[in-house]
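All remarks here apply to the structure that follows.
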Amino acid sequence: MLTRLKELFHKIPALRSMKVYIFLLMLIMGILPSIFMRVGILQSYEERAVDLRTSDTQTQFKIIANHLLNNNYLQDTSSEAINAELEQMSNLYDGRVIIINNNFRVVKDTYSISEGKTMISEEVILCFKGQGSTKYDKKNGYIEMTIPIEETSSGKSQTASPDTVKKDNAGQVQGVMLASVSTDSIAATMEILNRKAMIIEIVMIICIFGVAVGFSTILVKPFNRVTQAITEVKDGFTDEPIAVPDYIETEHIINAFNQLLTQMKVIDDSRQEFVSNVSHELKTPLTSMKVLADSLMQQQDAPLALYQEFMQDIADEIERENKIINDLLSLVKMDKTAAQMNISSVDVNELIESVLKRLRPIARLRDVEVVFESIRPVTAELDDVKITQVFTNLVENAIKYNKEHGWVKVLLDADHQFFTVEISDSGIGIPESDYDHIFERFYRVDKSHSREIGGTGLGLAITRNAVLLHRGSVKVSSLEGQGTCFTVKIPLTYVR
Ligand code: ADP
């Protein structure tokens with residue numbers, strides 16, 4: 001049932017429109033009170049009119065009841081004056097009067113239908129006990145009432161009070177007057193009042209409808225302006241922050257949008273910078289290769305040794321190009337979400353040993369000594385390919401940016417939560433002002449030196465991304481001319 005309603009809700013766009021809700025709300029709030037007012041006023045008019053009619057007629061019937069007793073009418077109904085009085089009353093109120101004596105016999109009926117008959121009903125019996133009654137029969141348009149015809153202690157007759165009449169000790173109910181009075185005139189007045197109220201109501205509904213249409217359109221306008229402003233940015237007409245301050249709500253939406261816009265601009269700027277850096281980095285080896293090839297071609301009868309030397313240089317440039325592309329691919333892979341992580345339990349000591357084993361030949365070439373010290377055996381949940389890349393990059397840098405007869409020391413330690421690897425070297429060091437930048441893509445402290453020793457400027461960016469994917473951190477501290485220390489800290493248990 002609920003899902004059906006939800007489906008319907010989504011199928012009919014109007015059911016999700018704020019404009020429609022405001023319109024309906026205003027319409028309902030405007031129309032309902034006028035309907036309640038009309039019905040309420042008519043109802044209280046009816047109650048009041050019926051009450052008045054009841055008390056009016058009761059007073060008159062009480063007077064007639066007195067006349068009845070004084071003229072002994074219950075025993076002898078021949079009194080012309082009384083009969084005329086009764087006829088006049090029933091004509092005046094378009095009603096009927098029935099007089100019942102203490103034997104429950106009808107002595108007079110202005111309709112002449114029930115005369116002589118016996119009439120016993122609950123109301124009549126109660127009335128003989130002194131309790132008169134009134135009943136409004138709305139459906140048939142009549143007020144029915146019973147009035148006791150009773151004697152007073154002074155010998156004179158009196159009638160009971162309207163609804164609950166308690167017979168006093170001296171009084172004695174001699175008969176009952178049963179009267180019904182038409183309320184047609186009340187109904188007719190109500191009909192006229194209702195018609196007039198309806199006309200006013202219809203005029204009001206038309207006005208409220210117009211006001212609701214107008215207001216609902218005006219009230220949602222700021223939201224249309226928000227959409228328009230965002231569309232303008234989307235279509236590229238502007239990339240300036242937008243403003244729709246009409247409501248606090250629209251201001252919040254716009255503020256959030258402007259923040260997103262700023263973020264996207266930053267991303268776009270860094271993407272553009274990255275693309276231009278990539279093109280530049282990829283073009284450099286190509287330019288070298290072209291220069292080498294051109295100079296070979298320009299020389300006729302160039303010696304074989306020169307050919308071999310130039311071809312070796314070209315091969316080196318190809319190798320460099322290949323390295324940049326591989327590093328870029330690694331970086332792109334790291335940029336993806338943690339879903340691509342291939343986590344397993346890894347022996348960190350073993351992993352570092354194997355990294356150092358592969359790098360020792362390069363270290364030997366540069367006459368750099370590599371030492372590994374492990375405080376304790378460490379096993380952690382890691383993506384071993386990515387972590388291998390982290391330590392390879394850091395140790396390779398420590399070897400590359402070292403001095404002759406230098407050293408590189410790798411220290412592994414762990415506590416109950418993290419393991420830390422410190423890679424320190426006796427190298428050229430990094431100026432403090434560059435600490436924040438060295439992890440950026442293509443950033444190099446000394447561009448020509450880095451290129452000379454085969455750097456792509458992507459190693460530390462890859463390293464940082466890989467460490468962050470493990471929810472770890474990498475920090476650098478260095479003394480220029482004396483050496484550098486990179487500290488990697490990674491949780492032993494992988495946090496998803
Ligand atoms: P590259 O491929 O140029 O080595 P990286 O991203 O690995 O690029 O390093 C960025 C820069 O940080 C390097 O160009 C270098 O200037 C500096 N750097 C990195 N590691 C060290 C280190 N151990 N000693 C001195 N400088 C370093």
Side-chain angles (χ1 to χ4, degrees), residues 270 273-274 277-278 280-285 288 316-335 352 355-356 358-360 362-363 365-372 386-411 420-469 473-488:
S270 96
E273 193 193 318
F274 180 62
N277 281 342
V278 168
H280 177 76
E281 294 296 329
L282 289 178
K283 256 176 89 178
T284 316
S288 307
D316 286 349
E317 290 300 326
I318 291 173
E319 175 60 26
R320 199 173 134 62
E321 184 94 43
N322 196 28
K323 198 158 180 272
I324 295 173
I325 291 170
N326 282 340
D327 276 0
L328 279 173
L329 287 176
S330 299
L331 202 60
V332 169
K333 267 190 216 152
M334 301 279 182
D335 272 348
I352 293 176
V355 167
L356 297 185
R358 259 184 290 121
L359 293 176
R360 270 203 182 95
I362 306 171
L365 278 179
R366 292 173 190 250
D367 196 15
V368 172
E369 189 195 1
V370 180
V371 188
F372 176 40
K386 292 189 175 77
I387 286 297
T388 302
Q389 216 162 2
V390 168
F391 297 131
T392 307
N393 287 344
L394 292 176
V395 177
E396 203 178 353
N397 278 352
I399 297 168
K400 280 193 311 190
Y401 300 102
N402 219 312
K403 294 174 194 155
E404 239 176 89
H405 313 302
W407 51 262
V408 173
K409 189 174 157 192
V410 181
L411 178 69
T420 44
V421 182
E422 273 178 26
I423 298 116
S424 41
D425 63 57
S426 57
I428 56 171
I430 301 167
E432 206 176 329
S433 55
D434 288 304
Y435 285 3
D436 287 341
H437 302 293
I438 51 171
F439 294 101
E440 288 168 12
R441 294 171 294 196
F442 296 116
Y443 188 85
R444 280 163 284 199
V445 178
D446 181 347
K447 233 177 171 62
S448 59
H449 181 51
S450 160
R451 197 164 289 141
E452 210 176 281
I453 54 180
T456 60
L458 294 169
L460 286 184
I462 294 170
T463 299
R464 197 185 61 161
N465 279 6
V467 171
L468 288 182
L469 282 176
S473 64
V474 52
K475 291 200 174 87
V476 61
S477 65
S478 178
L479 268 179
E480 256 185 285
Q482 289 191 29
T484 307
C485 178
F486 280 92
T487 309
V488 177

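All ligand and atom numbering here is 1-based and tracks the order in the structure.
For atom 10 (C) of ligand 1, the nearest non-hydrogen atom of the protein is Tyr443 O, 3.3 Å. Looking from atom 26 (N) of ligand 1 to the surrounding protein, the closest heavy atom is Ile430 CG1, 3.3 Å. For atom 23 (N) of ligand 1, the closest non-hydrogen atom on the protein side is Asp425 OD2, 3.0 Å. Closest protein heavy atom to atom 8 (O) of ligand 1: Gly457 CA, 3.1 Å. Here the heavy atom of the protein found nearest to atom 7 (O) of ligand 1 is Asn397 ND2, 2.8 Å. Of all protein heavy atoms, the one closest to atom 15 (C) of ligand 1 is Tyr401 CZ, 3.5 Å.
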Audit row: Tyr443, Asp434, side chain to side chain donor-acceptor pair (under 3.5 Å) steps and yes/no: CA-CA 9 Å; Tyr443 188 85; Asp434 288 304; 2.3 Å; yes
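Residue-level proximity to ligand 1 for Thr463 is absent, since no heavy atom of it falls below 4.0 angstrom. Both the backbone and the side chain of Val445 come within contact range of ligand 1, each with a heavy atom under 4.0 Å. Contacts of Thr484 with ligand 1, taken as heavy-atom pairs under 4.0 Å, involve the side chain alone.
Taking both residues in full, the closest heavy atoms of Asn402 and Ala398 are given as ND2-O, 2.9 Å, listed atom of the first, atom of the second, then distance.
In Glu432, the CD atom is not crowded: 12 or fewer heavy atoms of neighbouring residues, nucleotides or ligands sit closer than 6.0 Å.
Put simply, the side chain of Lys403 gets close to the backbone of Gly481: a donor and an acceptor are under 3.5 Å apart.
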